[in-house]
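First comes the structure, then the notes that go with it.
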Amino acid sequence: MLEARDLRKSFGALTVTNRVSLEVARGERRVLLGPNGAGKTTLFNLLVGELRADGGQILIDGRDVTGLSVDARARLGLARSYQKNNLFGGLTVRENLSLAAACAQGRARTPWADSLSDRGVAEAVDEVAQRVGLTELLEVPVDTVPYGARRRLEVGLALAARPRVLLMDEPTSGIGPGGIHAFHALLRGLPAELTIVIVEHDMDLAFEVADRVTVLNYGEVVFDGPPREARDSALVREIYLGTWDGDA
Amino acid sequence: MFHQTPLKTATVLLLAGLAVAYGLSTGFFGLELLTEVAILAILAIALDLVAGYGGMISLCHGALYGVGAYAFGSATVLLGWGAPAGLAMAVGGGALFAWAIGAVTARTHGIFFIMATLAFGQMAYAYLFESPVFGGNDGLPGVPRLDASALGLDLNDSLTFALTCLALALLAYAVSAALLRSGFGRTLVGIRANEARMRVLGLPVWRHKAAAFGVSGALAGLAGALAAQHTMYISPGLLHWTVSGELLIMVILGGLGTLVGAALGAGVLVFLKHEVSRFTDHWHLVVGLVLIAAVLAGGRGLYGQLEHLWERRRAARRAPPETPAPDEETTGHA
Amino acid sequence: MTADVSFWIVQALNALQLSMLFFLLSVGLTVIFGLLHFVNLAHGALYALGAFVGFTAATLAGSYWAAFAAAPIVVALVGVLLYWALIRRMRSAGPMNQVLVTFGLIFVFLDVFRIGWGDIALGFAEPELFSGRSELLGVVYPTYRLFIIGLGLAVLAALSLVLTRTQIGAIIRAGVDNDAMAACMGINVERVFFLVFCVGCALAGLAGAVAAPVLSVTTDMGTAILIPTLIVVVIGGLGSLKGAIAGSLLIGFVQTFGSVLAPQLAAILIYALLAGVLILKPAGLFPARG
Amino acid sequence: MTRLNRFLLAGAAMLLAAPSVGQAEDYKVGLLLPYSGVYAALGQEIDDGFMLALKERGGEIADAQIEVVREDTEVKPPVGLSKARKLILQDEIDVMVGIVSSGVLGAIRDFVHQSGTPLIVANAGNDDATGARCSAYITRQSFSNGQVNRPMGPWMFENGIKTVYTLAPDYAAGHQMIDNFKAAFEEAGGKVVGQEFTPFQTTKDFGPYLTKAKAAGPDAIFVFYAGGEAISFVKQYASFGLSEEVPLYGSGFLTSPLYVNAEGPAAEGVIAGLHYIPTLDTPENKAFVEAYTRDHGKAPSEYAVQGYDAGQALVEAIKSGATDKEALAAALSKVSFTSPRGPVEIDPATNNIVQNIYVFETVAGSDGLTQKLLGTVEAVRDPVNGCAM
């Protein structure tokens, strides 16, 4: 469903992505592991198109999208959430979700009908809000909702885009154990055919939800296999646990 | 996002009522001022549409206005096509020029966008200033007014023309408000709030920005066609960046991103300048001090301040006094 | 067109002279913007103020050097007043309010000039020391223009020394990169801002006094210079010394050689350059922040 | 600006002995001038000159009361037009006087013509205004762009200048001034070896153009610049040392007394042609300079004399017995009198003024720079230029 072949990216002398190849099957839950600075977020940026790769190929559903723009890739069903909240400031939670849902439903550019009161959009917004637990906060401006809710909205925006491939960058960072639990439930409730790649620091979560684990270090893929093998791999243990930053 | 609140509706109706009452009671020059305000209000609304809601602070709206005026002028004076064709040319020409500017500047932001739009506006100005076909800096005289006798209107009558411009200003407001309440308008606000995220959600952002700029340009072109008919003469001065600058001042003074504030700002600035210059040649000094005072007094613009006070009163009435009023000012995302 | 070598050398010197005038003006504006995030549209008015103050000083003292000394000092003092009365409060008020306030200042200054110095264009002479012509690179060139080139280069050298070799320079660079971080380092950012703003004003005033003997002193000179200065700053990329010098040279040379080689396009050229640069590099050539 | 200025000619009442042929009438004059913007200084000079004429010669029309209404054009054509409409429709003026910028004149011309209001142009020099777009209601007491520059062509050729390079700002007036000069100079036998038009009001550095002009190797350089541009140009011309190698000639606005002192020694030796210089040795001029200097503490410029003569023309027209707008317009196109600038009359074929053009050199005097008269081209009359009234 999502494939990267030999992706390369450098900033000056610093190589942040070094010949990364990745193949994620339809419906698969893939977890990306790696220490800080391993190039996980950069890889997401490359996959989504926010960064241009120096070399290599990206395919969605077998189609080469390397030359496509960010929005064109998104229209093929690729969505992402961010490690740092990247919301529509100044707008309410409902307005935030509506913008995403309207894009997904082709209502974002109609100059006659209001997307905010469109029934299809509103239903999608309500559904996503319920999934991520924001129903109570729909009418509140995002700048005044608690941090945990903003994290959930971050994921909600990506979900409201009705993706086929969903990239989530540390969706549980900064939220307490209760939030992590709720996130587990959310993940389990997502449609089985949705392809998901998660960057995660929480090992337990990673091993619990992952069908397969990819470990990055210094911009290179150092491990790719089932979670059990990852857990047992001395290499992964050394790289990952050695630099484990519990507060991250 | 844009909401046509009762306060907004009341302000629009109040302003329109005041304008009509003033028009019916004033002398000849008052009507000239009223017409100018109505035309500038259309232009200011066009600017607020992209600047206040799309985050595209343009310094080329004077040029779009001038392109509209020149399109009308060349269609009627040079080509002899008649005013309806001229009007269509003005609206279309403004839209086309604006769309093109919006498309090529879509990647720039903030001051870079401001300066990029300035560059295109000044190029158009310099071209018309030196172009003999369009009369160079002497401009084009003899621009006719639309013959609306079929509707029973004599546009050569000052009062009728002023009220027609006023009606068109109301129409421009209504069209803009409707657009801002559509999916298109919501998305435009989304772009202002977070353009990158909008793109990641699958929106072809540059096309949207260019389209919004095009709509704004169409309104600016309409204003230009009215200005050409108002003075029955056009000159390159219409396109100069200082026109765009003064326009931006009107919009900010009235309240950026409030739509009705744009019209209010146009009225206040024109009448302020007129009243002050009755007493002194140094009206720049007084207007300058008023602008500075306006910022020091709140910095939300006139309508913005009104809305702020209104909402605080409503909040105070609704909630017990110990709860501080929610400050609607936001500073982007956490 | 006659194309002997000396013709092109003189034109290159013309371009360099114009570039240096632009540099004196734009460097203050760009650093103030980079550090304070403040668009000072009144920068041009401060330049005009420098020219008017210079005119009065030179007339009263009977010497150009009085203008050279008085203009930067008086303009910096006006800058101090503006900073305490307005700019400080405006820093967090958002760009739109900054535009409104500095536009208001432009209007106020315009009439202050009219009331103080009248509507008739003024002028004053260059210093006698630099009044003639000198020979350089085999061409004869106005000495005062060489002085402007020299002064510009000296200011450039001094600023780059201060920015790269001194502690205050390090603070400024840190501030441009990330003001929150600079504040965290325990630096009194406010004082650095104030200093930078004053130096920027002084340079604008100096530019006014230096340009006046070449040009004329008119009430609208500040508004007329504002746009070219903004173009320099924006083309170079906001906030960097490198950007200011690159933008100044680019505009100076394009304008000079444009008016020689393509005079029909002279009025459009710098705008076309601006548009071209921004379409290709939406944040200017040398943006200070990544 | 509507500074209503009720100008009751108080002094006039005392001059009972003065011959009074005027009617017991009220005349309302609209002064439409720039009081702010780049030409504010010019507007003020014209206003001062006009008021001086009314003060001095008001006695001749002692029965008439003249009320003056002022409006500011801000040098913007649309503003000028809207103020012109206000003056004519709301204030119901009988005569309009003023207009500095040709752009403003172009904007108001049709409206003024259609309203049948007499307009005395006191500056704007656009050839068309008394050419293809002339009007029976519009007379010009100032100059036309062609009129000032044409005589310089033969004069320079006769004084040994065979080749010329020209420079002027790139706008309508710049082109008219240069085109007229060029045609006359070439007709006389001279050759224009090169010309350049510099971007109007944005050119600060003339260095590139000067270098190019010098490289063309002409006998002289002929230019038109005014105001701040003139100051910059003359100073830069001298600083490049061109004045020692190639003499600078120009349209007289280049070294107008209004700002020649700002040019300083750089202006010495510049030779130019203009319709007025304050050093003319005639009794009319001496009296005018004395009166103007007494009132304003400085010598009058050509702008002041234009305002003064607009006032004189109005007085002459009223004296002839004209009371309504139609009669005033007819009378204004027939006036002739001796102005400080010499004998002037209105050419009935174009309604433009017929006047002398003075060729003068700017020289150092005892009290700053002054104008030395080199030659007079008498009674310069514009061709009809397609004018049909």
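The model shown is predicted, which means the values in this text are computed figures rather than measured ones. No hydrogens, no waters, no symmetry mates; every other heavy atom, side chains included, goes into these values. Naming: A, B, ... by sequence-line order, numbering from 1 per chain.
Neither the backbone nor the side chain of C:Phe55 comes within less than 4.5 Å of any heavy atom of chain D. When heavy atoms are compared at a cutoff of 4.5 Å, C:Tyr144 does not approach chain D at all. Looking at C:Ala212, the atoms closer than 4.5 Å to chain D (heavy atoms on both sides) all sit in the backbone: N, CA, C or O. In this structure, chain C has heavy atoms under 4.5 Å from both the backbone and the side chain of D:Lys204. Of the two parts of D:Ala266, neither the backbone nor the side chain holds a non-hydrogen atom closer than 4.5 Å to a non-hydrogen atom of chain C.
Aromatic ring pairs are classed by plane angle as parallel below 30°, tilted from 30° to 60° and perpendicular above 60°; the pair D:Phe222 and D:Phe181 is parallel.
For D:Tyr171 and D:Ser102, the side-chain atoms include no donor-acceptor pair closer than 3.5 Å. For the residue pair D:Gln176 / D:Asp179, no side-chain donor-acceptor distance below 3.5 Å is found, with atom types taken as modelled. D:Glu45 and D:His296 are not linked by any side-chain donor-acceptor pair at a separation below 3.5 angstrom, with hydrogens and angles left out of the test. In summary, the side chains of D:Tyr39 and D:Asn123 do not present any donor paired with an acceptor at a separation below 3.5 Å, with no hydrogens or angles considered.
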If you look only at distance, which donor and acceptor atoms sit under 3.5 Å apart when one is on a side chain in residues 254-275 of chain C and the other is two or more places apart or in another chain?
{"unit_1": "C:Thr256", "atom_1": "OG1", "unit_2": "C:Gly252", "atom_2": "O", "d": "2.8"}
{"unit_1": "C:Ser259", "atom_1": "OG", "unit_2": "C:Gln255", "atom_2": "O", "d": "3.0"}
{"unit_1": "C:Ser259", "atom_1": "OG", "unit_2": "C:Thr256", "atom_2": "O", "d": "2.8"}
{"unit_1": "C:Tyr271", "atom_1": "OH", "unit_2": "B:Gln122", "atom_2": "NE2", "d": "3.2"}

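Of the residues considered (D:Phe240, D:Phe197, D:Phe206, D:Phe233), D:Phe240 shows the highest number of contacts with chain C, using heavy-atom pairs under 4.5 Å. When D:Leu258, D:Thr198, D:Thr202 are compared by the number of non-hydrogen pairs under 4.5 Å with chain C, D:Leu258 comes out ahead. Options C:Pro142, C:Ala211, C:Ala121 differ in how many heavy-atom pairs under 4.5 Å they form with chain D, and the most are formed by C:Pro142. Interface check for chain D: of the options C:Pro213, C:Ala125, C:Gly118, C:Ser131, the most heavy-atom pairs under 4.5 Å are formed by C:Pro213. Most heavy-atom pairs under 4.5 Å with chain D: of the set C:Leu13, C:Val217, C:Leu122, C:Ile225, this distinction falls to C:Leu122. Considering only heavy-atom pairs separated by less than 4.5 Å from chain C, the leading option among D:Lys214, D:Glu196, D:Glu263 is D:Glu196.
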Determine whether D:Tyr225 and D:Tyr237 satisfy the following criterion, ring pair (Phe, Tyr, Trp, His ring centres under 6.0 Å), listing intermediate values before the conclusion. CA-CA 12 Å; D:Tyr225 285 104; D:Tyr237 194 86; over 10 Å; no
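Between the D:Asp170 side chain and the D:Phe200 main chain, no donor and acceptor come within less than 3.5 Å of each other.
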